[in-house]
Amino acid sequence: MSSFSRIAGTGSALPERKISNDELAAELAARGVQTSDDWIVSRTGIRSRHFAEAGTTSVDLGEQAARRALESAGLQPADIDLIIVATSTPDMIFPSNAALIQGRLGVAGAAAFDMQAVCAGFVYALAVADQFVRSGMAHHALVIGAEVFSHILDFSDRTTCVLFGDGAGAVVLSASEQPGVLACALHADGRQAGILCTPGRVSGGAVTGHPFLRMDGQAVFKQAVHVLEDVAREALARAGRTPADVDWMVPHQANIRIMTHTAKKLGIPVDKVVVTVDQHGNTSAASIPLALDTAVRAGQIQRGDTLLFEAVGGGLTWGAALVDY
Ligand code: UT7
């Protein structure tokens, strides 16, 4: 048993191919789909996103992010005794991305499984890993968010295809007597599964149903602004802290309007919100660890800072975590 789990290192990975709104708009126009940089920036804050080259998968990106997180923690793959990958775009139906990444790292023995909570996946995975570490079942956990949402986008649907990007982020969560993860809160409402889903399935070796992401953006937006404030307050209360204690809010990067709205409702100054949605778009389960690693490597987030993670995604699922970094 250890008192806390603590973030010992962070890492991230992005595909090389970066696409600006103008470039995407031109590609879509060639298919008869009309959009513009102006619309995308004003509605979402997104200016560019990365799309994986053909053949690059979420395991490729997740492995890179994991290796960088291990390096920053000063650990070797063999030190890890738990791997959880949050993803909705795994390489295979099975085995899990976690098992595939473990194989790439050239080690065996650690428990490895995937977490499916869509855009809230990283917060879910962090909460689960925290339980494993604090109970003594694991000492060093790799918690990875890795996605290639470009593979499930319908490029004839302008209401969704401009919003998402590919990438991965990872943290090493280690047993510690020093405070780290202070509190988590997780929720879901399966009655709202239909407002954000990719309803295809595999049967008889073929994908049946709709294999692309579908979203009722306005319905998700309304839920997001409501549940994110509540779940953030719940995690803060569990930790006995208030919004004034938060040094950096590292939210799921879906829409700048949702991020700043939630910060304002919590009374957290907007300049304390880590923003990468402009550069990366919405990378689903990868977005929080990707934003975290970006801010850590930029020197924005420092050791000792108190961080608030929050996310909402398909399911609906949502959650928050308060962490002393
Ligand atoms: O990561 C999981 C969680 N997901 C989210 O948090 C996403 C939540 N939802 C949102 O972020 C926003 O609802 C969107 C960014 C998806 C959409 O923004 P909106 O302000 O809710 O726009 P809207 O859906 O009300 O659409 C406004 C107009 C419509 O035209 P009309 O009906 O007013 O003539 C759309 O057809 O904008 C049109 N539109 C577009 N125009 C140009 C929709 N997509 C585009 C586009 N380019 N890409």
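Heads up: numbering here begins at 1 and tracks the sequence. Whatever order the structure lists them in is the order used to number ligands and atoms, beginning at 1.
- Heavy-atom proximity to atom 36 (O) of ligand 1, evaluated over Met259, Arg158, His252, Met215, is greatest for Arg158.
- The proximity of Thr35 to ligand 1, defined as any non-hydrogen pair under 4.0 Å, involves the side chain as well as the backbone.
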Distance-only check: which donor-acceptor pairs under 3.5 Å involve side-chain atoms of residues 64-73, not counting sequence neighbours?
residue : atom : partner : partner atom : Å
Arg67   : NE   : Glu63   : OE2          : 3.0
Arg67   : NH2  : Glu63   : OE2          : 3.1
Arg67   : NH2  : Arg104  : O            : 3.0
Arg68   : NH1  : Ser12   : O            : 2.8
Ser72   : OG   : Thr10   : N            : 2.8
Ser72   : OG   : Thr10   : O            : 3.1
Ser72   : OG   : Ala69   : O            : 3.3

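- Within a 4.0 Å radius of atom 13 (O) of ligand 1, the protein has at least one heavy atom.
- Residues satisfying the ring pair (Phe, Tyr, Trp, His ring centres under 6.0 Å) criterion with Phe155, sequence neighbours excluded, are Phe51.
- Per-residue contacts place Thr44 under 4.0 angstrom from the following atoms of ligand 1 (heavy atoms of the residue considered): 15 (C).
- With contacts defined as side-chain heavy-atom distances shorter than 4.5 Å, the pair Ile40/Arg49 qualifies.
- Within a 4.0 Å radius of atom 30 (O) of ligand 1, the protein contributes no non-hydrogen atoms.
- Within the 4.0 Å cut-off (strictly below), a protein heavy atom is located near atom 44 (N) of ligand 1.
- Each of the following atoms of ligand 1 lies closer than 4.0 Å to a heavy atom of Asn255: 10 (C), 11 (O), 12 (C), 15 (C).
- Listed by number with element, the atoms of ligand 1 under 4.0 angstrom from any heavy atom of Val162 are 48 (N).
- Residue contact check: Val312 has heavy atoms under 4.0 Å from atoms 2 (C), 3 (C) of ligand 1.
- Of the protein's heavy atoms, at least one falls inside 4.0 Å of atom 22 (O) of ligand 1.
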When you look at Ser58 and Asn97, which way does the side chain to side chain donor-acceptor pair (under 3.5 Å) test go after all the steps? CA-CA 8 Å; Ser58 56; Asn97 267 17; 2.9 Å; yes

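- In this structure, Ile40 does not count as a contact residue of ligand 1, since none of its heavy atoms falls inside 4.0 Å of the ligand.
- There is a protein heavy atom closer than 4.0 angstrom to atom 16 (C) of ligand 1.
- By the criterion of a heavy-atom distance under 4.0 Å, neither the backbone nor the side chain of Thr160 is placed next to ligand 1.
- Contacts between Ala224 and ligand 1, counted as non-hydrogen atom pairs separated by less than 4.0 Å, are absent for every part of the residue.
- Contact annotation for Phe221 and ligand 1: heavy atoms of both the backbone and the side chain come within less than 4.0 Å of the ligand.
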Working note: Glu23 + Lys18, criterion side chain to side chain contact (heavy atoms under 4.5 Å, CB included); need CA distance, chi angles, decisive distance, verdict. CA-CA 10 Å; Glu23 288 168 316; Lys18 186 173 184 175; over 6 Å; no

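- Below 3.5 Å of separation, one finds an N or O of Gly217 facing an N or O of ligand 1.
- With ligand atoms numbered from 1 in the order given, ligand 1 contributes 2 (C) to contacts under 4.0 Å with heavy atoms of Leu196.
- Put simply, the side chain of Leu307 does not reach to within 4.5 Å of the side chain of Val246, judged on heavy atoms.
- By the criterion of a heavy-atom distance under 4.0 Å, the side chain of Leu163, and not its backbone, is placed next to ligand 1.
- Contacts of Thr159 with ligand 1, taken as heavy-atom pairs under 4.0 Å, involve both backbone and side chain.
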